Every structure is written in structure tokens, then in C-alpha cells.
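Inspection log for the structure reproduced underneath, given as C-alpha cells.
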Amino acid sequence: MRRDSRLSVALHILLHMKEVGGVITSETLGPMMNMNPVVVRRTFAGLREAGIVHSEKGHGGGWSLARDLASVTLGDVYDALGMPALFSIGHRDEAPGCLIEQAVNRAVGEALDEAEALLLTRLRSVSVADLANDVRPRAVRHAKKGACATPTRRPASRPVE
């Protein structure tokens, strides 16, 4: 089963946006993330509704940060993305008649509930700015390898978002 990478993608893009500053288009962000600009827009729709990013239409438009990343937790981003399933483990049958399967569901369900609560607590305790602070000490060494380049200038024309 393929994992849902939207949280990772959204956090990655937010950190690039912080580095770039100002307004950046989906057409610029898409190739940076090796994804279609439409996917960037879909991913950011919930972030816009949550007040984390802002979008402007028209010439000079695009995406910008609406809040200081120190005030945005990983949990906020997770919530804004619609709270995708944290784990792909599940029950074979949600309402089994078999007593053994009921015991299995109860044990697995309790373990998943505990793990989810622990993970959500952790996500709510880390700000996106904390991630940026983790990147800074390694940025110079990493840049020498040429990976994950942040654009340094804005494109001449800015398509409508």
C-alpha cells in the first residue's frame, strides 16, 4: 500500500517558501517538488483555509506564507490536510461475528489508538520553524551537493493560481 505523503510534501514546500520569501507560484513549486502544479494547489487548498498560506490570483500572484512558521505546528499542517490516516493497518472486518476476530480487533485497535495519540502529541509539539532551524546548520554542506535547490528569483510571468 502506498503511503500518503501529503504531510511531508506540504512541510517541504512550506520550508522552501520560507527560504524564498514573498510570493511563489505553483508552477515554480511543482518542478521543485517533481510534481504537477495542480497537485501543489490541491495540497495547499486546506492550508489556505487554515490560514497557513495565502494565495493571490492574477499577475504577480501565487502562494505566500500567511503566518509565521513558529506559530504553525506539524499538527496544524496535518489537520489542514484533512487529517489523513496515520497508519495503513486496519481490521479485516469492522464488525466480526467471530469472538477471536473481535479480540484481535480490540487489541489492534487499542494499540493503534495509543500510537496515534502519541504521534499527534508529537506533531503538535514541533513547529515548522523548528524544522527550518534544523536545516540551517547543514544547509551549506548540503548545497555543495546540489540537492533540493531553492529558487533564488521569481519567474518573469506569474500565471493565475
Side-chain angles (χ1 to χ4, degrees), residues 1-90 112-161:
M1 176 179 274
R2 188 158 187 248
R3 293 182 185 242
D4 186 328
S5 63
R6 288 179 295 162
L7 178 60
S8 179
V9 166
L11 294 169
H12 191 153
I13 293 173
L14 288 170
L15 291 170
H16 275 297
M17 290 174 68
K18 172 76 172 152
E19 291 299 314
V20 170
V23 178
I24 187 166
T25 66
S26 301
E27 283 69 23
T28 300
L29 290 167
M32 284 173 53
M33 298 301 299
N34 197 27
M35 59 194 322
N36 190 302
V38 172
V39 176
V40 172
R41 287 191 288 275
R42 275 193 216 130
T43 301
F44 269 32
L47 297 179
R48 179 182 55 228
E49 291 170 18
I52 297 170
V53 296
H54 175 73
S55 65
E56 290 264 341
K57 293 183 179 185
H59 183 71
W63 297 98
S64 60
L65 296 174
R67 288 172 45 193
D68 182 347
L69 294 183
S71 72
V72 178
T73 68
L74 278 58
D76 294 332
V77 176
Y78 169 77
D79 292 342
L81 293 172
M83 299 172 55
L86 292 172
F87 304 108
S88 62
I89 299 170
L112 287 172
D113 289 346
E114 287 177 28
E116 185 172 298
L118 182 64
L119 180 55
L120 289 173
T121 297
R122 178 69 176 144
L123 290 176
R124 296 190 197 307
S125 72
V126 177
S127 75
V128 180
D130 292 335
L131 300 181
N133 293 336
D134 181 52
V135 171
R136 283 191 187 95
R138 297 175 289 137
V140 172
R141 285 179 281 142
H142 190 68
K144 291 178 183 175
K145 295 179 185 176
C148 198
T150 301
T152 55
R153 57 190 179 125
R154 294 166 42 177
S157 75
R158 304 182 93 34
V160 174
E161 288 296 313

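Computed from a predicted structure; not experimentally measured.
- Here the side chains of H54 and W63 are not in contact, with every heavy-atom distance at 4.5 Å or above.
- In this structure, the separation between OG1 on T43 and CE on M33 is 9.0 Å, given to the nearest 0.5 Å.
- Looking only at side-chain heavy atoms (C-beta outward), M35 and V9 come within less than 4.5 Å of each other.
- No side-chain donor-acceptor contact under 3.5 Å links S8 and S5.
- Summarising the geometry, atom CG belonging to N36 is positioned 9.0 Å from atom CD belonging to E27; distances are rounded to the nearest 0.5 Å.
- Nearest heavy-atom pair, L47 versus A10, reported as atom, atom and distance to 0.1 Å: CD1-CB, 4.0 Å.
- Residue pairs meeting the ring-ring contact (aromatic ring centres under 6.0 Å, His included) criterion with at least one member in residues 116-136: none, sequence neighbours excluded.
- Checked by atom type and distance alone, the side chain of D130 pairs as donor or acceptor with a backbone atom of S127 at under 3.5 Å.
- At least one side-chain heavy atom of I89 sits under 4.5 Å from a side-chain heavy atom of L112.
- Identified under the side chain to side chain donor-acceptor pair (under 3.5 Å) test for residues 115-126, with sequence neighbours left out: D79-R124.
- For the side-chain contact (heavy atoms from CB on, under 4.5 Å) criterion with L65, the lone passing option out of L14, V128, I24 is L14.
- Closest approach of G22 to S64, counting heavy atoms only: O-CB, 3.5 Å.
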Review item, side-chain donor-acceptor pairs of residues 66-77, under 3.5 Å, at least two apart:
{"residue": "R67", "atom": "NH2", "partner": "S71", "partner atom": "O", "Å": "2.6"}
{"residue": "D68", "atom": "OD1", "partner": "A70", "partner atom": "N", "Å": "3.0"}
{"residue": "S71", "atom": "OG", "partner": "D68", "partner atom": "O", "Å": "2.8"}
{"residue": "T73", "atom": "OG1", "partner": "G75", "partner atom": "N", "Å": "3.2"}
{"residue": "T73", "atom": "OG1", "partner": "D76", "partner atom": "N", "Å": "2.9"}
{"residue": "T73", "atom": "OG1", "partner": "D76", "partner atom": "OD1", "Å": "3.4"}
{"residue": "T73", "atom": "OG1", "partner": "D76", "partner atom": "OD2", "Å": "3.3"}
{"residue": "D76", "atom": "OD2", "partner": "T73", "partner atom": "N", "Å": "2.8"}

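- Once rounded to the nearest 0.5 Å, the distance linking CG of L7 with CG of L86 reads 9.0 Å.
- Of all heavy-atom pairs between G61 and T25, the closest is O-CG2, 3.6 Å.
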